[in-house]
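All remarks here apply to the structure that follows.
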Amino acid sequence: MNYLIKQASILGGEPADVLIADGKIAQLGTIADAGDAQVIDATDLVLLPGLVDTHTHLREPGREDAETVETGSQAAARGGYTAVHAMANSTPVADTAGVVEQVYELGRKAGWVDVRPVGAVTVGLGGKQLSEIGAMADSRAAVKMFSDDGICVFDPLLMRRALEYVKAFDGVIAQHAQEPRLTEGAQMNEGEVSSILGMPGWPAVAEESIIARDVLLAEHVGARLHICHVSTAGSVEIIRWAKARGIQVTAEVTPHHLLLTDEKVRTYDPVFKVNPPLRREEDVMALRAGVADGTIDVIGTDHAPHPSEAKDCEWGAAAMGMTGLETALSIVQHTLVDTGLMSWADVARITSEVPAQIGRVADQGRPIAVGEPANLTLVDPAARWIVDPAAMATKGRNSPFAGMELPGLVRATFFHGHATVLDGQLATPRSINA
């Protein structure tokens, strides 16, 4: 099927027609003859390159009760994504070529998005021994990103060796910055609210100290470092300093850290329990400013679905994590575009172009130009919708935005020219042979 998108605002600019044929952008401009193409009226819609997530938990293999590659990929497509990086904390852990190839093939067979496995840095996420990094890089999955996300690579010597290892094939280590001794038993952000509630606090310095250490290690070995889910104002300042020094560091922020604060914890609702924790209003504003000035490079959803029993319990026993794939673009519009901090062209950069560059995904995050792969998203910025977790494609119902009215709705997603979403609803997956 070919598609003619009529009068789309490309990156929020002037309207134009876009012809999609044979998986690529065939024509741009004013196109009178659609031929056999299906015509899509995109008046008042914004056309973006397909979104790329640097941080997704698909849970499979081993935790299919929480999510599968199929359901997570469907959620991604509905959120406007055409590629996701699947984190390594599955069961078994993605620490061998065999496991990352399994995840890669599941993604190909599902056909909704490009699933790029993230390999574990250490065996079993144990922090004691480097995993089969080279074998994963040489596998069919061609892994470029490695992370023990959920657990900090705490040993500085091991972190140095990992950075040195991936440098050989232009890989990147994505660090979960959390000093474990400073966060033992921590339940939420350390501050006024934690003191009032009597909950063990999670200090900002636990994140900032690891980031400071690792940017210096990255500078020492000349390797690429990526910081996962930055959450504090101090972290932004350290990353800003490191970039000014010329260190090869990139960073991501989650949608929930751009909007929600630790005030939400006053409800004792475990849906707001997350790692790193929701921080202060001052941190939220610093994160937004950091994205706007380029200190923080990308939006990473940290999509973390859980089965209902992991959240429908008392706070202390609840799992950490929130879903995010289907709400991310709306939160970005709400916090960054509608506030005047960023344009839609900026959104394309932080949600598609740069994430693809970090993960070295060559055919994603490309310009909207003739001859480029047709990985595209059509969003209606004027639409308003109420978040209903039960209506989402993800298995996880743990959305912190449940019941909230949000702006912006993905109307269509094209994955290599195939419409995975049309009229805001899932269409069909792309054939594995396409």
Report task. Pick out which of His55, His57, Glu67 makes a side-chain hydrogen bond (donor to acceptor under 3.5 Å, both in side chains) with His303. Result -> Glu67
Report task. Before giving the answer on side chain to side chain contact (heavy atoms under 4.5 Å, CB included), spell out for Thr122 and Ser131 the whole-Å C-alpha distance, their side-chain angles and the decisive distance to 0.1 Å. Result -> CA-CA 5 Å; Thr122 66; Ser131 64; 5.7 Å; no
Report task. Please confirm whether the backbone N or O of Ala304 pairs with a side-chain atom of Asn398, one donor and one acceptor, at under 3.5 Å? Result -> yes
Query raised in the report: Parallel, tilted or perpendicular for His176 and His229, by the 30°/60° rule?
Result: perpendicular
Query raised in the report: Would Val69 and Arg59 satisfy side chain to side chain contact (heavy atoms under 4.5 Å, CB included), going step by step from the backbone distance to the final call?
Result: CA-CA 7 Å; Val69 172; Arg59 304 303 190 200; over 6 Å; no
Report summary line: Interatomic distance, CG@Leu217 vs CE@Met159, rounded to 0.5 Å, equals 7.0 Å
Query - Donor + acceptor pair across side chains of Gln364, Thr82 (<3.5 Å) - result: yes
Query raised in the report: Side chains of Thr96 and Glu132: donor-acceptor distance under 3.5 Å anywhere?
Result: no
Query - Pairwise side-chain contact, Ile20 with Ile5, heavy-atom cut-off 4.5 Å (strictly under) - result: yes
Report task. Keeping the roles fixed (side chain from Arg430, backbone from Trp112), state whether a donor-acceptor pair exists under 3.5 Å. Result -> no
Query raised in the report: Is Glu60 salt-bridged to Arg63, going by a charged N under 4.0 Å from an acidic O?
Result: no
Report task. Give a yes or no on whether a salt bridge exists between Glu164 and Arg161, defined as a side-chain N under 4.0 angstrom from a carboxylate O. Result -> yes
Report task. Answer yes when Glu372 and Lys24 have at least one side-chain N-carboxylate O distance shorter than 4.0 Å, and no when they do not. Result -> no
Query raised in the report: Just by modelled atom types, is the Glu64 backbone N or O under 3.5 Å from a matching donor or acceptor in the Thr68 side chain?
Result: no
Report task. Given side chain to side chain donor-acceptor pair (under 3.5 Å), test His226 with Thr250 step by step and report yes or no. Result -> CA-CA 5 Å; His226 180 70; Thr250 55; 2.7 Å; yes
Requested in this report: Enter the distance from Leu287:CG to Thr254:OG1 here, rounded to the nearest 0.5 Å.
Outcome: 8.0 Å
Report task. Keeping the roles fixed (side chain from His85, backbone from Gly300), state whether a donor-acceptor pair exists under 3.5 Å. Result -> no
Query raised in the report: Are side-chain heavy atoms of Val284 and Leu259 found at a separation under 4.5 Å?
Result: no
Requested in this report: Please report the C-alpha distance between Met342 and Ile350 in whole Å, then the side-chain angles of each, then the deciding distance to 0.1 Å, and finally whether the side chain to side chain contact (heavy atoms under 4.5 Å, CB included) criterion is met.
Outcome: CA-CA 10 Å; Met342 304 192 87; Ile350 65 172; 3.8 Å; yes
Could you pull out every donor-acceptor pair under 3.5 Å between side chains of residues 312-319 and any protein atom, sequence neighbours left out?
| residue | atom | partner | partner atom | Å |
| --- | --- | --- | --- | --- |
| Trp315 | NE1 | Gln187 | O | 3.4 |
| Trp315 | NE1 | Gln187 | OE1 | 3.4 |

Report task. Could you tell me whether the side chain of Asp53 and the main chain of Thr301 form a donor-acceptor pair under 3.5 Å? Result -> yes
Contacts table for residues 401-419: side-chain donor-acceptor under 3.5 angstrom, sequence neighbours left out:
| residue | atom | partner | partner atom | Å |
| --- | --- | --- | --- | --- |
| Glu405 | OE1 | Arg384 | NE | 3.4 |
| Glu405 | OE1 | Arg384 | NH2 | 3.3 |
| Arg411 | NE | Asp380 | OD2 | 3.4 |
| Arg411 | NH2 | Asp380 | OD2 | 3.0 |
| Thr413 | OG1 | Ala77 | O | 2.9 |
| His416 | NE2 | Asp363 | OD2 | 3.3 |
| His418 | NE2 | Thr428 | O | 2.8 |
| His418 | NE2 | Thr428 | OG1 | 2.9 |
| His418 | NE2 | Pro429 | O | 3.0 |

Query raised in the report: Between Arg213 (side chain) and Phe154 (backbone), is there a donor-acceptor pair under 3.5 Å?
Result: yes
Query raised in the report: How far does CG of Asp214 sit from NE2 of His220, to the nearest 0.5 angstrom?
Result: 13.5 Å
**Report entry** Distance in Å, Ser147 OG paired with Leu125 CG, rounded so as to fall on 0.5 Å steps
**Finding:** 8.5 Å
Query raised in the report: What's the shortest heavy-atom distance between Tyr81 and Ala328, and which atoms?
Result: OH-CB, 3.4 Å
Report task. Give the C-alpha distance, both sets of side-chain angles, the deciding distance and a yes or no for side chain to side chain donor-acceptor pair (under 3.5 Å) between Thr183 and Gln178. Result -> CA-CA 7 Å; Thr183 56; Gln178 178 189 350; 2.9 Å; yes
Query raised in the report: Is there side-chain contact between Thr351 and Val298, with at least one heavy-atom pair below 4.5 Å?
Result: no
Query raised in the report: Do Asn189 side-chain atoms and Asp262 backbone N/O form a donor-acceptor pair below 3.5 Å?
Result: no
Report summary line: In this structure, CG of Asp388 is separated from OG of Ser399 (nearest 0.5 Å) by 9.5 Å
**Report entry** Close side-chain approach of His256 to Leu278, heavy-atom, < 4.5 Å
**Finding:** yes
Query - Verdict with reasoning, Asp155 to Lys128, per salt bridge (charged side-chain N to carboxylate O under 4.0 Å, His left out) - result: CA-CA 8 Å; Asp155 185 330; Lys128 301 295 184 183; over 6 Å; no
Query raised in the report: Quick one: do the Glu208 and Thr232 side chains pair a donor with an acceptor below 3.5 Å?
Result: yes
Query raised in the report: Can you check whether Ser330 reaches Trp385 side chain to side chain, under 4.5 Å on heavy atoms?
Result: yes
Report task. Ignoring hydrogens and angles, tell me if any N or O in the side chain of Gln333 forms a donor-acceptor pair with the backbone of Pro381 under 3.5 Å. Result -> yes
Requested in this report: Look at Lys311 together with Asp269 and state whether they make a salt bridge at an N to O cut-off of under 4.0 Å.
Outcome: no
Query raised in the report: Do side-chain atoms of Arg397 reach the backbone of Pro389 as a donor and acceptor pair under 3.5 angstrom?
Result: yes
Query - Min side-chain heavy-atom separation Ile368-Pro49 under 4.5 Å - result: yes
Query raised in the report: Excluding sequence neighbours, so at least two apart, what forms salt bridge (charged side-chain N to carboxylate O under 4.0 Å, His left out) with Glu207?
Result: Arg279
Query raised in the report: Is it true that atom NZ of Lys264 has more than 12 heavy atoms of other residues, nucleotides or ligands lying nearer than 6.0 Å?
Result: no
Requested in this report: For the pair Asp170 and Arg224, find out whether any cationic side-chain nitrogen is under 4.0 Å from an anionic carboxylate oxygen.
Outcome: yes
Query raised in the report: Can a salt bridge be assigned to the pair Asp293 and Arg288 using a cut-off of 4.0 Å between side-chain N and carboxylate O?
Result: no
Query raised in the report: Is it true that Glu105 and Arg140 have a side-chain N and a carboxylate O under 4.0 angstrom from each other?
Result: yes
Report summary line: Rounded to the nearest 0.5 Å, the CG atom of Asn89 sits from the CD1 atom of Ile151 at a distance of 8.0 Å
Requested in this report: Determine whether Ile331 and Leu336 make a side-chain contact, defined as any pair of heavy atoms from C-beta on separated by less than 4.5 Å.
Outcome: no
Requested in this report: Please report the closest heavy-atom contact between Lys395 and Asp65, naming both atoms and the distance.
Outcome: CD-O, 4.0 Å
Query raised in the report: Is the count of non-hydrogen atoms from other residues, nucleotides or ligands lying under 6.0 Å from Glu309 atom CD greater than 12?
Result: yes
Query raised in the report: Going through the checks in order, is the side chain to side chain contact (heavy atoms under 4.5 Å, CB included) test met by Val103 and Val100?
Result: CA-CA 5 Å; Val103 174; Val100 295; 5.7 Å; no
Query raised in the report: Distance-only, no hydrogens or angles: does the His306 side chain make a donor-acceptor pair with backbone N or O of Met320 under 3.5 Å?
Result: yes
Query raised in the report: Heavy-atom distance under 4.5 Å between the side chains of Tyr268 and Leu197, does that happen here?
Result: yes
